Amino acid sequence: MRLLLVEDDEHIGRALQTGLAQQGHAVDWLQDGVAAELAARDGQYDAILLDLGLPRQDGMQVISHLRRDGYAAPILIITSRDEIRDRVEGLDSGADDFIVKPFDLEELGARLRAAHRRAMGRSQAAVVHGDIRIDPAARQVTRAGLAVSLTGREFMLLLHLLEHRGHVRTRAQLQESLYNWNSDIESNAIEVHVHNLRRKLGKDLIRTVHSQGYVIDNA
Amino acid sequence: MPEPRGWSLRTRLLVLLVCLAAALFGTSAVLNWRAHHEASDRLFDDSLRGSAHLLLQLAEHEMAEHGEVLGLALLQAETQPGPAGFHFQIWTPDMLAAAGAGAGSGSALQAPLLPFAAEVERFGWTTVNGASWRSYSTWNRPRTLHIQIAQEPTRHAALDRLALWRIAGGAAFLLAMAAVLMWVVVDATFRPLHRTAASVGERSEQDLREVDTAGVPREVRPLVDALNRLLLRIRSALQTERRFTADAAHELRTPLAAIRANAQVLVAARDQAEREATARDLLASVDRSTRLVEQLLALARADQPLHDDKLREVDLADVAREQLAVHRDRAEQCGVELRGTLQPGATRADPALLSVMVRNLLDNALRYTPPGGRITVATGAHEEGPVLTVEDDGPGIPEPERERVFERFHRLPGQKATGSGLGLSIVRRVADVHGARVAIAAGEGEKGTRVSVRFRQAA
């Protein structure tokens, strides 16, 4: 997933960025509320992880501004405020989850996946397409019951295309969903990943739409 | 003299009232008895006088009828033995004419001791058989016969004793009744006090509501009011304490979250560089929690009331010099110039707390002064008292924030939250317990921050 992390504390921010990257996510990290709101409006994030006590603009304000303007992606609050009042206020203002520090990184990952799944309108944890089955939590892919080994980026790309089944995704969109701002991206990176996925899962899985992008058609 | 333990207002009041009543009833009984005694004495005297005149009349009658000698002899015979408890003697001007004695009594009265004075009549006391008898002497009207009569006090005394017992018994009974009634009244009077005491006594330690003043007597009201004021102070102190604990727990979450996250990232590190960077962050997070805990402890220590035995003559310059030396290395690492313009400034203070204060001021200044900046610590004696100032040419604190920065865990908005948010709270607290005043202003040329602490004169 492409994530926006907004956390003003250096140590937590850096650890979260690295930890979420270890789980295969592409994470952009910002430290203030105003920049976070701009980035959210600008980028294609699958979810936002938001601290509440932020410089320049409070997290709650960021949420209410974004939701007011119809921002749809899941927003997860990560905070050290743990009063019931804070939780209720946070969830009611449009957040999808409320996670109190200190938290477990695995759990944070699970909550992210759950929020993302709900946003995608799925109830099943696994994504199934034909004889291909993807388990986002375990990051495992099977084809006809046999495990297929994918790299982190290949996995993210496959999941992204499956979640947007029937819709053509441009190369820029795909790139954005896989890489954060800091990544050095080879110009043919997406082509390479698509090539590898076709090799491992069958050449008909991903269709190239000429001069537009790629799509996985509905089964 | 210290009051004995468990001293009771009620018991004391009751005892005093009973004593007072006893004194009053006793006095009344004594007066009563004396009145009775006088009345009975008069009664006995009257009867004594009556007997005397009766005997005189008898003697006159016998003498008129039978002549002086025979008459008196007859009288003597008639009156032998004399009336019980009476002794009498009748004298002519020349001689003892007749005498009689009560039944059972011994010899007749001795010769009268009193001279034949001019008095017509006289009561007195005479000793008969070792006992004091009431006596009476008088003349008949023509002054031809003189009689002396004495009466045994036994019956008289027995009657008096009876009366005494009655009076004393009555008084004792009334006193007992009064004591019971007083106990009831005093107990009822003290009941509101007991009610108030019980309502306070039954409370749990959590219950710091005000004590109800309804039905509390005016005399006790100041006590209840003082208690309520104390409760209010305790309540607000507890509230502060609770808020502080909650804030402290909240503040500890952040470094703990960083430690946890870094530890998890470290476990899953994908390469050596990531492992090293994460380990460094982990250490920094641990340091940060350690520092926060230290600051919390420093604040807790500064929060305690200052005892006189910790106060010393301290020169602010000495404290500043010591802290400047301690921070020299760190200033160098930060690329900040650390200067001191130290003039003697003596005050009475707890040296340990003063060091904590200066350390926090320097720590803050170093934290917010960019490389190439300058920090100046100045001490000196001013007219109003010794002053310590720490000035930096960092970003400064905007005017509206200058009071709020003293609040616990308050950080300037838009700042990287590396500080504990407690430094200036500690400074303020140390100043407060020393009766010193802290003020924040802009530094020289309206740049940076100048924190000045004005102490009291060493006196």
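To find a chain, count down the sequence lines: A is the first, B the second, and so on, and within it residues start at 1. A quick note: this is a predicted structure, and the numbers were derived from the prediction, not measured.
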**Request:** Just give me the residue among Ala268(B), Ala263(B), Ala249(B), Pro255(B) that pairs up with chain A most often, heavy atom to heavy atom, under 4.5 Å.
**Result:** Ala268(B)

**Item:** Presence of salt bridge, Glu332(B) and Arg328(B), under 4.0 angstrom
**Value:** no

**Largest heavy-atom contact set with chain B, pairs under 4.5 Å, which of Asp104(A), Asp32(A), Leu108(A)** = Asp104(A)

**Asked** Non-hydrogen atoms of chain A under 4.5 Å away: do they reach the side chain of Glu274(B), the backbone, both or neither?
**Response** side chain

**Message:** Checking Gln264(B) against Arg260(B) for the side chain to side chain donor-acceptor pair (under 3.5 Å) test, could you report, in this order, the C-alpha distance in whole Å, the side-chain angles of both residues, the deciding distance, and whether it holds?
**Reply:** CA-CA 6 Å; Gln264(B) 277 193 297; Arg260(B) 198 179 201 300; 3.3 Å; yes

**Message:** Please classify the contact between Asp82(A) and chain B as side chain, backbone, both or neither, with a heavy-atom cut-off of under 4.5 Å.
**Reply:** side chain

**Arg374(B) bridged to Glu444(B) by N-O distance under 4.0 Å** = no

**Request:** Select, from Glu7(A), Arg14(A), Glu83(A), Gln23(A), the one with the greatest count of heavy-atom pairs under 4.5 Å involving chain B.
**Result:** Arg14(A)

**Item:** Ion pair Arg291(B)/Glu294(B), N-O distance below 4.0 Å
**Value:** no

**Item:** Heavy-atom contact with chain B under 4.5 Å, split by part of Glu106(A)
**Value:** both

**Item:** Pairing of Asp287(B) and Arg280(B) as salt bridge, 4.0 angstrom limit
**Value:** no

